[in-house]
**Student:** 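The structure follows.
Only this structure's heavy atoms are used, side chains among them; waters, hydrogens and symmetry mates stay out. Whatever order the structure lists ligands and atoms in, that order sets their numbers, starting from 1. Residues take their numbers from the sequence shown, with the count starting at 1.
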Amino acid sequence: MTGEKGEEDGEAPSRDLGELTQEELREGRAAARALDEVLTLSSQALVRAEVEDLYDEVRPLGQGRFGRVLLVTHRQRGTPMALKLLSKASTTRQGFLYEFCVGLTLGSHPGIVTTYGIGLETQACYGFLSEPALHGDLIALIQPKKGLPESATQLCAQQLSSALEHVHSRGLVYRDLKPENVLVFEPGCRRVKLTDFGHTRPRGTLLRLAGPPIPYTAPELCSPTHRPEGLPIQPSLDAWALGVLLFCLLTGYFPWDQPLPSEDPFYQDFLDWRGSGKACDRPAPWAGLSPVADQLLGVLLDPRPRHRGPVGSVRAFLGQSWQEKAGSPELARKRGEREEEEEKELGAE
Ligand SMILES: Nc1ncnc2c1ncn2[C@@H]1O[C@H](COP(=O)(O)OP(=O)(O)OP(=O)(O)O)[C@@H](O)[C@H]1O
């Protein structure tokens, strides 16, 4: 997404490194400088034209809060492309250029949507072109209370962790991992790619939460005690979001609404279980996950950002079973506990 920017971020002052090491701060600054370079060049090369002068509209591909995405074909060559249009009413020129240029600099990775080097300015909108995904996004594939087949989940895990590692290797933090931003290029999730770089920022950028937290928001951003000037952002924010996304894919549930123990009993239950390590404390939504999945999610969903595993931790768990097999005594026991709990909850109403 893109939007009015600048309310929520600023540059980390050099005398105050927050939780960043000198090396991390240098990495973030180098990323900011590299982006600035691409942005200046792209800003000079925007094509001023109306969409219909250059492209034929085929059909809408999707709609976000800020952007409308259309399948178009090039008028002369017939090449199919996705055109993301951002209204000038809600997006600044700088905000648009930022999203466009982050896409351009990251697009060489197979797990990241390729952005073409054509930026457009019409009377009412800014726009840019990228490769079109003809199988939609991941949200359409997740079945409520079921999730995705495990094979598809592991394929997503492998490709998304690699794509996020690429983002991090460029000194950037993605910050917007959710199923709507994962595009599907082949059935069965054999090829999925990350899109929407409107929230991506250099490591170390100071960030305050602009709205209410969502399930994917890491707890360090929700803490009321966090520094008023903002938290210097780290790749560990993406590792948390990856953990939540994998949970959703495996179960068809969110693990919690927001990671605030005082507000969200599901999150409190998770913390209690982490603390005790006892099977009887396992929260109901976690029934159905194998010990391997527990371990993986335990690494990614560590509430302490400096102890949280990186996104690449996923690799060590691929190819092992992440779901209890249907009919296994362990699953029957966990399901029994879940049903008992649900009965208790219903009884309490
Ligand atoms: N290259 C593409 N090919 C196919 N569909 C796409 C493509 N890019 C985006 N979409 C679809 O359009 C939707 C909206 O796009 P996008 O997330 O970029 O918009 P946004 O306004 O920035 O979103 P947000 O609400 O997260 O701010 C996506 O969820 C996806 O379904």
**Student:** Identify, by atom number and element, the atoms of ligand 1 in contact range of D137, meaning under 4.0 Å from any of its heavy atoms.
**Tutor:**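 This gives 28 (C), 29 (O), 30 (C), 31 (O) as the contact atoms.
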**Student:** Under 6.0 Å from the ring centre and within 45 degrees of the ring axis: does the NZ or CZ of K145 meet both conditions for the six-membered ring of Y253?
**Tutor:**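 No; the conditions do not both hold, so K145 does not lie above the ring face of Y253.
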**Student:** Would you check if there is a donor-acceptor pair between the side chains of Q268 and D272 at a distance under 3.5 Å?
**Tutor:**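 The criterion, which ignores hydrogens and geometry beyond distance, is satisfied for Q268 and D272.
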**Student:** Identify, by atom number and element, the atoms of ligand 1 in contact range of N181, meaning under 4.0 Å from any of its heavy atoms.
**Tutor:**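 Checking each atom against N181, I get 17 (O).
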**Student:** Taking heavy atoms and a distance under 4.0 Å, where does A82 meet ligand 1: side chain, backbone, both or neither?
**Tutor:**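 Contact part for A82 vs ligand 1: side chain (C-beta onward).
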**Student:** Taking only residues two or more places apart in sequence, or in another chain, which ones meet Y216 in a ring pair (Phe, Tyr, Trp, His ring centres under 6.0 Å)?
**Tutor:**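 F254.
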**Student:** Heavy-atom contacts under 4.0 Å between I139 and ligand 1: side chain, backbone, both, or neither?
**Tutor:**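 Contact part for I139 vs ligand 1: neither.
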**Student:** Does some non-hydrogen atom of K178 fall short of 4.0 Å from ligand 1?
**Tutor:**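 Contact present.
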**Student:** Determine, using ring centers only, whether Y116 and F128 are less than 6.0 Å apart.
**Tutor:**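 Aromatic pair excluded; centres sit 6.0 Å or further apart.
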**Student:** Got more than 12 heavy atoms from elsewhere within 6.0 Å of CD, E37?
**Tutor:**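 No - once you tally the heavy atoms of other residues, nucleotides and ligands closer than 6.0 Å, there are 12 at most.
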**Student:** Only heavy atoms of S130, strictly under 4.0 Å: list the atoms of ligand 1 that pass.
**Tutor:**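 Answer for ligand 1: 1 (N).
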**Student:** Does ligand 1 have an atom under 4.0 Å from some heavy atom of G198?
**Tutor:**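 No.
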**Student:** Counting neighbours of CD on Q63 that are heavy atoms of other residues, nucleotides or ligands and sit closer than 6.0 Å, is the number greater than 12?
**Tutor:**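 Yes, the 6.0 Å shell around CD holds more than 12 heavy atoms from other groups.
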**Student:** Would F66 count as being in polar contact with ligand 1, using the rule that some N or O on each side must be under 3.5 angstrom apart?
**Tutor:**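 By distance alone, the answer is yes.
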**Student:** For atom 18 (O) of ligand 1, tell me which residue out of R68, R65, K84, H135 has the closest non-hydrogen atom.
**Tutor:**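 Shortest heavy-atom distance from atom 18 (O) of ligand 1: K84.
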**Student:** Find all atoms of ligand 1 within a distance of less than 4.0 Å from any non-hydrogen atom belonging to G67, and give their numbers and elements.
**Tutor:**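 Under 4.0 Å from G67, ligand 1 has these atoms: 20 (P), 21 (O).
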**Student:** For residues 305-322, which residue pairs pass the side-chain hydrogen bond (donor to acceptor under 3.5 Å, both in side chains) check, not counting sequence neighbours?
**Tutor:**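 Checked against side-chain hydrogen bond (donor to acceptor under 3.5 Å, both in side chains) - neighbours excluded - the pairs reaching residues 305-322 are E24-R306, E165-R315, E220-R308, S321-K325.
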**Student:** Looking only at side-chain N and O atoms, does R203 offer a donor or acceptor that is under 3.5 Å from a partner on Q234?
**Tutor:**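 Judged by distance alone, the side chains do pair up.
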**Student:** Do P132 and ligand 1 have an N or O pair less than 3.5 Å apart?
**Tutor:**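 No.
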**Student:** Between the candidates H199, K193, E180, which shows the shortest non-hydrogen contact distance to atom 29 (O) of ligand 1?
**Tutor:**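 Checking each option, the heavy atom nearest atom 29 (O) of ligand 1 is found in E180.
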